[in-house]
Amino acid sequence: MKTAFEENSWVINYSPDNYYNQKFSLEDDLLLSKEDKSITWVNTYGLNYMEEFRQMVNGNHLDDFLLRLLLNQKMGNKVIELEDQLFVAARILKTEHHSMESEQMFFVVSKDFVWCIQEKRGDHFDWIRQRIFENKGIIRKKRADYLLFFILETLITNYKDKYEESVVMENALDAIVKREPTPEFMFEVEQKKAVIQDFKKASHGLRDIIVKLERVEVKGFQTKYFSELREQINGLIADIDSDIMELESQINLFFSVQGHRLNEVMKTLTIFSVVFIPLTFLAGIYGMNFENMPELKSPYGYFILLGVMLIVTIISIIVFKRKKWF
(Lines give C-alpha, C1' and ligand atoms only; values in the text may rest on other atoms or scores of the structure.)
Protein backbone atom coordinates (compact mmCIF):
# COMPACT_ATOMS: atom_id res chain seq x y z
CA MET A 1 0.00 0.00 0.00
CA LYS A 2 1.43 3.36 -1.07
CA THR A 3 2.02 6.06 1.53
CA ALA A 4 0.62 9.60 1.19
CA PHE A 5 4.10 10.74 0.21
CA GLU A 6 4.22 8.24 -2.64
CA GLU A 7 0.70 9.10 -3.77
CA ASN A 8 1.74 12.75 -4.06
CA SER A 9 5.11 12.22 -5.74
CA TRP A 10 6.05 11.48 -9.34
CA VAL A 11 9.41 10.58 -10.83
CA ILE A 12 10.71 11.17 -14.32
CA ASN A 13 14.02 9.66 -15.32
CA TYR A 14 15.44 10.51 -18.73
CA SER A 15 18.54 10.20 -20.83
CA PRO A 16 19.31 10.99 -24.48
CA ASP A 17 17.99 7.55 -25.45
CA ASN A 18 14.92 6.92 -23.29
CA TYR A 19 12.77 8.00 -20.33
CA TYR A 20 10.15 6.78 -17.90
CA ASN A 21 7.44 8.63 -15.98
CA GLN A 22 5.61 7.02 -13.04
CA LYS A 23 4.31 7.38 -9.51
CA PHE A 24 7.16 7.49 -7.03
CA SER A 25 7.97 4.41 -4.95
CA LEU A 26 10.25 4.55 -1.92
CA GLU A 27 11.21 0.95 -2.59
CA ASP A 28 12.04 1.28 -6.29
CA ASP A 29 12.90 4.96 -6.80
CA LEU A 30 14.64 5.91 -3.58
CA LEU A 31 18.05 6.35 -5.24
CA LEU A 32 18.04 9.67 -7.07
CA SER A 33 21.49 9.28 -8.62
CA LYS A 34 21.46 6.34 -11.02
CA GLU A 35 25.23 6.52 -11.59
CA ASP A 36 24.71 6.70 -15.34
CA LYS A 37 23.99 9.45 -17.86
CA SER A 38 20.34 9.76 -16.87
CA ILE A 39 18.70 12.63 -14.98
CA THR A 40 16.05 12.07 -12.31
CA TRP A 41 13.30 14.60 -11.62
CA VAL A 42 11.15 13.92 -8.57
CA ASN A 43 8.17 16.17 -7.93
CA THR A 44 6.50 16.04 -4.48
CA TYR A 45 3.34 17.92 -3.51
CA GLY A 46 3.21 18.65 0.22
CA LEU A 47 5.69 19.62 2.93
CA ASN A 48 4.51 17.44 5.81
CA TYR A 49 6.32 14.18 5.05
CA MET A 50 9.31 14.49 7.36
CA GLU A 51 9.71 10.75 7.88
CA GLU A 52 9.81 10.15 4.13
CA PHE A 53 12.09 13.17 3.68
CA ARG A 54 14.45 11.57 6.20
CA GLN A 55 14.40 8.33 4.21
CA MET A 56 15.19 10.25 1.02
CA VAL A 57 18.07 12.16 2.61
CA ASN A 58 19.61 9.15 4.36
CA GLY A 59 19.00 6.76 1.45
CA ASN A 60 20.83 9.08 -0.96
CA HIS A 61 23.59 10.02 1.52
CA LEU A 62 22.61 13.68 1.26
CA ASP A 63 23.67 16.31 3.77
CA ASP A 64 21.45 15.84 6.83
CA PHE A 65 21.28 19.62 7.17
CA LEU A 66 18.59 19.33 4.49
CA LEU A 67 16.20 17.93 7.09
CA ARG A 68 16.47 21.09 9.18
CA LEU A 69 15.95 23.20 6.08
CA LEU A 70 12.87 21.24 5.02
CA LEU A 71 11.37 21.69 8.47
CA ASN A 72 11.16 25.45 7.93
CA GLN A 73 8.04 25.81 5.82
CA LYS A 74 8.15 29.63 5.88
CA MET A 75 11.76 30.01 4.77
CA GLY A 76 11.17 32.43 1.91
CA ASN A 77 13.94 32.72 -0.69
CA LYS A 78 17.34 31.15 -0.10
CA VAL A 79 20.17 29.44 -1.97
CA ILE A 80 22.40 27.22 0.17
CA GLU A 81 25.43 25.30 -1.08
CA LEU A 82 25.94 21.86 0.42
CA GLU A 83 28.44 19.13 -0.37
CA ASP A 84 27.85 18.31 -4.04
CA GLN A 85 24.26 19.51 -3.67
CA LEU A 86 22.37 22.74 -3.87
CA PHE A 87 19.32 23.69 -1.81
CA VAL A 88 17.00 26.36 -3.21
CA ALA A 89 13.98 27.74 -1.36
CA ALA A 90 11.55 29.96 -3.26
CA ARG A 91 8.38 31.73 -2.13
CA ILE A 92 6.34 31.98 -5.32
CA LEU A 93 2.92 33.21 -6.42
CA LYS A 94 0.36 30.64 -7.57
CA THR A 95 -0.52 32.22 -10.90
CA GLU A 96 -3.21 29.74 -11.95
CA HIS A 97 -5.81 31.24 -9.56
CA HIS A 98 -7.30 34.72 -9.24
CA SER A 99 -6.67 34.79 -5.48
CA MET A 100 -2.90 35.18 -6.00
CA GLU A 101 -1.95 32.81 -3.21
CA SER A 102 1.70 32.12 -2.44
CA GLU A 103 3.40 28.82 -1.82
CA GLN A 104 6.77 27.59 -0.63
CA MET A 105 8.87 25.54 -3.03
CA PHE A 106 12.09 23.65 -2.28
CA PHE A 107 14.63 22.31 -4.75
CA VAL A 108 17.38 19.85 -3.93
CA VAL A 109 19.72 19.77 -6.91
CA SER A 110 22.78 17.76 -7.79
CA LYS A 111 24.55 17.11 -11.08
CA ASP A 112 22.13 14.31 -12.02
CA PHE A 113 18.86 14.95 -10.16
CA VAL A 114 16.34 17.61 -9.20
CA TRP A 115 14.00 16.97 -6.30
CA CYS A 116 11.21 19.53 -6.39
CA ILE A 117 8.96 19.88 -3.32
CA GLN A 118 5.87 22.07 -3.60
CA GLU A 119 3.58 23.17 -0.80
CA LYS A 120 0.45 22.95 -2.96
CA ARG A 121 -0.65 20.72 -5.81
CA GLY A 122 -0.53 22.09 -9.33
CA ASP A 123 2.20 23.68 -11.42
CA HIS A 124 3.01 24.97 -14.90
CA PHE A 125 5.75 22.48 -15.71
CA ASP A 126 3.75 20.23 -18.06
CA TRP A 127 5.40 21.78 -21.09
CA ILE A 128 8.81 20.77 -19.69
CA ARG A 129 7.59 17.22 -19.16
CA GLN A 130 6.24 17.19 -22.71
CA ARG A 131 9.60 18.25 -24.11
CA ILE A 132 11.24 15.44 -22.16
CA PHE A 133 8.72 12.84 -23.34
CA GLU A 134 8.93 13.95 -26.99
CA ASN A 135 12.70 14.55 -26.86
CA LYS A 136 12.33 18.12 -28.12
CA GLY A 137 15.27 20.49 -27.98
CA ILE A 138 18.37 19.63 -25.99
CA ILE A 139 16.87 19.06 -22.55
CA ARG A 140 17.52 15.30 -22.56
CA LYS A 141 21.13 15.92 -23.54
CA LYS A 142 21.78 18.29 -20.64
CA ARG A 143 22.38 17.82 -16.94
CA ALA A 144 20.18 18.71 -13.95
CA ASP A 145 21.32 22.35 -13.92
CA TYR A 146 19.56 22.82 -17.28
CA LEU A 147 16.36 21.31 -15.87
CA LEU A 148 16.49 23.75 -12.95
CA PHE A 149 17.00 26.56 -15.45
CA PHE A 150 13.86 25.46 -17.33
CA ILE A 151 11.81 25.29 -14.12
CA LEU A 152 12.83 28.79 -13.01
CA GLU A 153 12.35 30.14 -16.52
CA THR A 154 8.79 28.76 -16.44
CA LEU A 155 8.09 30.56 -13.16
CA ILE A 156 9.29 33.85 -14.66
CA THR A 157 7.20 33.36 -17.81
CA ASN A 158 4.12 32.60 -15.70
CA TYR A 159 4.71 35.77 -13.70
CA LYS A 160 4.93 37.80 -16.92
CA ASP A 161 1.78 36.30 -18.43
CA LYS A 162 -0.28 36.60 -15.25
CA TYR A 163 0.98 40.12 -14.60
CA GLU A 164 -0.03 41.29 -18.08
CA GLU A 165 -3.43 39.65 -17.59
CA SER A 166 -4.05 41.03 -14.08
CA VAL A 167 -2.63 44.53 -14.34
CA VAL A 168 -4.15 46.43 -17.27
CA MET A 169 -3.11 50.08 -17.07
CA GLU A 170 -5.95 52.29 -18.34
CA ASN A 171 -5.25 55.40 -20.33
CA ALA A 172 -5.14 58.24 -17.82
CA LEU A 173 -7.39 60.62 -19.79
CA ASP A 174 -9.99 57.91 -20.42
CA ALA A 175 -10.08 57.10 -16.71
CA ILE A 176 -10.54 60.79 -15.85
CA VAL A 177 -13.46 61.16 -18.23
CA LYS A 178 -15.21 57.95 -17.15
CA ARG A 179 -14.59 57.73 -13.42
CA GLU A 180 -15.45 59.63 -10.25
CA PRO A 181 -13.43 59.42 -7.00
CA THR A 182 -15.98 57.20 -5.26
CA PRO A 183 -15.04 54.78 -2.44
CA GLU A 184 -15.45 51.93 -4.95
CA PHE A 185 -12.94 53.56 -7.29
CA MET A 186 -10.46 54.04 -4.45
CA PHE A 187 -10.87 50.40 -3.43
CA GLU A 188 -10.20 49.30 -7.01
CA VAL A 189 -7.06 51.44 -7.14
CA GLU A 190 -5.79 50.00 -3.86
CA GLN A 191 -6.47 46.47 -5.12
CA LYS A 192 -4.45 47.12 -8.26
CA LYS A 193 -1.60 48.56 -6.20
CA ALA A 194 -1.65 45.49 -3.93
CA VAL A 195 -1.47 43.12 -6.93
CA ILE A 196 1.44 45.06 -8.41
CA GLN A 197 3.27 44.99 -5.07
CA ASP A 198 2.70 41.22 -4.78
CA PHE A 199 4.27 40.69 -8.20
CA LYS A 200 7.12 43.04 -7.35
CA LYS A 201 7.89 41.22 -4.11
CA ALA A 202 7.75 37.80 -5.80
CA SER A 203 9.89 38.97 -8.72
CA HIS A 204 12.54 40.44 -6.41
CA GLY A 205 12.63 37.13 -4.55
CA LEU A 206 13.23 35.20 -7.78
CA ARG A 207 15.91 37.67 -8.86
CA ASP A 208 17.74 37.20 -5.56
CA ILE A 209 17.71 33.44 -6.13
CA ILE A 210 18.98 33.77 -9.71
CA VAL A 211 21.77 36.17 -8.72
CA LYS A 212 22.93 33.71 -6.06
CA LEU A 213 22.73 30.79 -8.50
CA GLU A 214 25.11 32.63 -10.80
CA ARG A 215 27.76 32.52 -8.06
CA VAL A 216 27.43 28.98 -6.72
CA GLU A 217 30.25 26.47 -7.03
CA VAL A 218 28.81 22.97 -6.96
CA LYS A 219 30.40 20.03 -8.70
CA GLY A 220 28.77 19.39 -12.06
CA PHE A 221 26.63 22.54 -11.85
CA GLN A 222 27.02 25.20 -14.57
CA THR A 223 25.90 28.75 -13.84
CA LYS A 224 25.98 30.12 -17.39
CA TYR A 225 22.27 29.45 -17.93
CA PHE A 226 21.15 31.82 -15.19
CA SER A 227 22.50 35.02 -16.77
CA GLU A 228 19.63 34.88 -19.26
CA LEU A 229 17.16 34.40 -16.41
CA ARG A 230 18.54 37.46 -14.65
CA GLU A 231 17.88 39.53 -17.78
CA GLN A 232 14.32 38.20 -18.00
CA ILE A 233 13.47 38.89 -14.36
CA ASN A 234 15.11 42.33 -14.51
CA GLY A 235 12.90 43.13 -17.51
CA LEU A 236 9.80 42.09 -15.57
CA ILE A 237 10.84 44.16 -12.54
CA ALA A 238 11.48 47.16 -14.81
CA ASP A 239 7.96 46.78 -16.25
CA ILE A 240 6.49 46.56 -12.74
CA ASP A 241 8.37 49.65 -11.55
CA SER A 242 7.24 51.53 -14.66
CA ASP A 243 3.62 50.54 -14.02
CA ILE A 244 3.89 51.63 -10.38
CA MET A 245 5.12 55.06 -11.50
CA GLU A 246 2.39 55.25 -14.14
CA LEU A 247 -0.29 54.28 -11.63
CA GLU A 248 0.89 56.91 -9.16
CA SER A 249 1.00 59.47 -11.99
CA GLN A 250 -2.54 58.56 -13.07
CA ILE A 251 -3.83 58.83 -9.52
CA ASN A 252 -2.21 62.25 -9.09
CA LEU A 253 -3.50 63.44 -12.46
CA PHE A 254 -6.96 62.07 -11.73
CA PHE A 255 -7.30 63.91 -8.45
CA SER A 256 -5.69 67.06 -9.86
CA VAL A 257 -8.36 67.17 -12.56
CA GLN A 258 -11.07 66.40 -10.00
CA GLY A 259 -9.74 69.23 -7.83
CA HIS A 260 -9.74 71.55 -10.86
CA ARG A 261 -13.36 70.60 -11.59
CA LEU A 262 -14.30 71.35 -7.99
CA ASN A 263 -12.53 74.72 -8.16
CA GLU A 264 -14.45 75.60 -11.34
CA VAL A 265 -17.74 74.76 -9.64
CA MET A 266 -16.81 76.79 -6.57
CA LYS A 267 -15.76 79.73 -8.75
CA THR A 268 -19.09 79.67 -10.59
CA LEU A 269 -21.04 79.55 -7.33
CA THR A 270 -18.91 82.38 -5.91
CA ILE A 271 -19.57 84.58 -8.95
CA PHE A 272 -23.32 84.03 -8.63
CA SER A 273 -23.10 84.82 -4.93
CA VAL A 274 -21.17 88.06 -5.52
CA VAL A 275 -23.73 89.16 -8.12
CA PHE A 276 -26.74 88.46 -5.92
CA ILE A 277 -25.37 89.74 -2.57
CA PRO A 278 -25.83 93.48 -3.45
CA LEU A 279 -29.21 92.70 -5.01
CA THR A 280 -30.26 90.92 -1.84
CA PHE A 281 -28.99 93.89 0.18
CA LEU A 282 -31.10 96.35 -1.81
CA ALA A 283 -34.17 94.08 -1.64
CA GLY A 284 -33.65 93.77 2.12
CA ILE A 285 -33.54 97.52 2.63
CA TYR A 286 -36.68 98.22 0.66
CA GLY A 287 -38.47 95.31 2.18
CA MET A 288 -38.41 96.88 5.68
CA ASN A 289 -41.49 99.10 4.92
CA PHE A 290 -40.55 102.05 7.18
CA GLU A 291 -42.93 105.06 6.80
CA ASN A 292 -40.14 107.60 6.17
CA MET A 293 -38.84 105.87 3.04
CA PRO A 294 -39.72 108.37 0.26
CA GLU A 295 -39.15 105.79 -2.49
CA LEU A 296 -42.13 103.82 -1.18
CA LYS A 297 -44.45 106.77 -2.02
CA SER A 298 -42.98 107.34 -5.47
CA PRO A 299 -44.98 105.95 -8.40
CA TYR A 300 -41.65 105.06 -10.12
CA GLY A 301 -39.87 103.68 -7.03
CA TYR A 302 -40.26 100.04 -8.05
CA PHE A 303 -38.86 100.63 -11.53
CA ILE A 304 -36.03 102.79 -10.18
CA LEU A 305 -34.98 99.98 -7.80
CA LEU A 306 -35.11 97.41 -10.64
CA GLY A 307 -32.95 99.74 -12.74
CA VAL A 308 -30.41 100.11 -9.94
CA MET A 309 -30.30 96.32 -9.52
CA LEU A 310 -29.75 95.89 -13.27
CA ILE A 311 -26.92 98.47 -13.27
CA VAL A 312 -25.25 96.76 -10.27
CA THR A 313 -25.49 93.40 -12.06
CA ILE A 314 -24.01 94.79 -15.31
CA ILE A 315 -21.15 96.50 -13.46
CA SER A 316 -20.36 93.26 -11.58
CA ILE A 317 -20.29 91.25 -14.82
CA ILE A 318 -18.00 93.84 -16.49
CA VAL A 319 -15.61 93.71 -13.53
CA PHE A 320 -15.55 89.89 -13.63
CA LYS A 321 -14.88 89.91 -17.38
CA ARG A 322 -11.99 92.35 -17.07
CA LYS A 323 -10.45 90.24 -14.34
CA LYS A 324 -11.01 87.14 -16.52
CA TRP A 325 -12.80 85.29 -13.76
CA PHE A 326 -14.99 83.59 -16.37
Pick from [options]: which one makes a side-chain contact (heavy atoms from CB on, under 4.5 Å) with [X]?
{"X": "Phe272", "options": "Val275, Leu269, Thr268", "value": "Thr268"}
{"X": "Phe107", "options": "Leu147, Val79, Leu148, Ile117", "value": "Leu148"}
{"X": "Leu47", "options": "Gln118, Glu103, Gln104, Lys120", "value": "Gln104"}
{"X": "Leu86", "options": "Glu81, Lys111, Glu217", "value": "Glu81"}

**OP:** Could you tell me which residues satisfy side chain to side chain donor-acceptor pair (under 3.5 Å) with Thr40, sequence neighbours excluded, listed by chain and number?
**Re:**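 By the side chain to side chain donor-acceptor pair (under 3.5 Å) rule, Thr40 matches Asn13.
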
Other residues, nucleotides, ligands: >12 heavy atoms within 6.0 Å of [X] [atom1]:
{"X": "Phe133", "atom1": "CZ", "result": "yes"}
{"X": "Lys136", "atom1": "NZ", "result": "no"}
{"X": "Glu83", "atom1": "CD", "result": "no"}

Original post:
For the ring-ring contact (aromatic ring centres under 6.0 Å, His included) test, which of Tyr14, Trp41, Tyr225 pairs with Tyr146?
Top reply: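 Going through Tyr14, Trp41, Tyr225 one by one, the ring-ring contact (aromatic ring centres under 6.0 Å, His included) with Tyr146 is satisfied by Tyr225 alone.
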
**OP:** Working to the nearest 0.5 Å, report the span between CZ of Phe199 and CG of Asp243.
**Re:**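 Here the interatomic distance stands at 11.0 Å.
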
Where do [X] and [Y] come nearest, in terms of heavy atoms and distance?
{"X": "Leu236", "Y": "Ser203", "value": "CD2-OG, 3.4 Å"}
{"X": "Phe226", "Y": "Asp145", "value": "CZ-O, 4.1 Å"}
{"X": "Val211", "Y": "Arg215", "value": "CG1-NH2, 3.4 Å"}
{"X": "Lys23", "Y": "Asp29", "value": "O-OD2, 3.7 Å"}
{"X": "Val114", "Y": "Ala144", "value": "CG2-O, 3.7 Å"}

**OP:** Using modelled atom types only, decide if a donor and an acceptor are shared between the side chain of Asn60 and the backbone of Leu32 within a distance under 3.5 Å.
**Re:**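 Confirmed, Asn60 side chain pairs with Leu32 backbone.
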
**OP:** Give a yes or no on whether the backbone of Phe276 and the side-chain of Thr280 come within a donor-acceptor separation of less than 3.5 Å.
**Re:**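 Side chain of Thr280 to backbone of Phe276: a pair is present.
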
Should [X] and [Y] count as an ion pair when the cut-off is N to O under 4.0 Å?
{"X": "Asp17", "Y": "Lys37", "answer": "no"}
{"X": "Glu214", "Y": "Arg230", "answer": "yes"}
{"X": "Glu119", "Y": "Arg91", "answer": "yes"}

**OP:** Using distance alone, with no hydrogens and no angle criterion, decide if Asn8 and Arg121 have a side-chain donor and acceptor under 3.5 Å apart.
**Re:**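 Per modelled atom types, Asn8 and Arg121 side chains form a pair under 3.5 Å.
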
Original post:
Does the side chain of Ser38 come under 3.5 Å of the side chain of Ser15 through a donor N or O and an acceptor N or O?
Top reply: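 Distance-only check fails for Ser38 and Ser15.
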
Original post:
Excluding sequence neighbours, so at least two apart, what forms side-chain contact (heavy atoms from CB on, under 4.5 Å) with Lys201?
Top reply: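 So Lys201 forms no side-chain contact (heavy atoms from CB on, under 4.5 Å) with any residue.
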
Original post:
Centres of the Phe5 and Phe24 rings: under 6.0 Å?
Top reply: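 When the ring centroids of Phe5 and Phe24 are compared, they turn out to be within the sub-6.0 Å range.
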
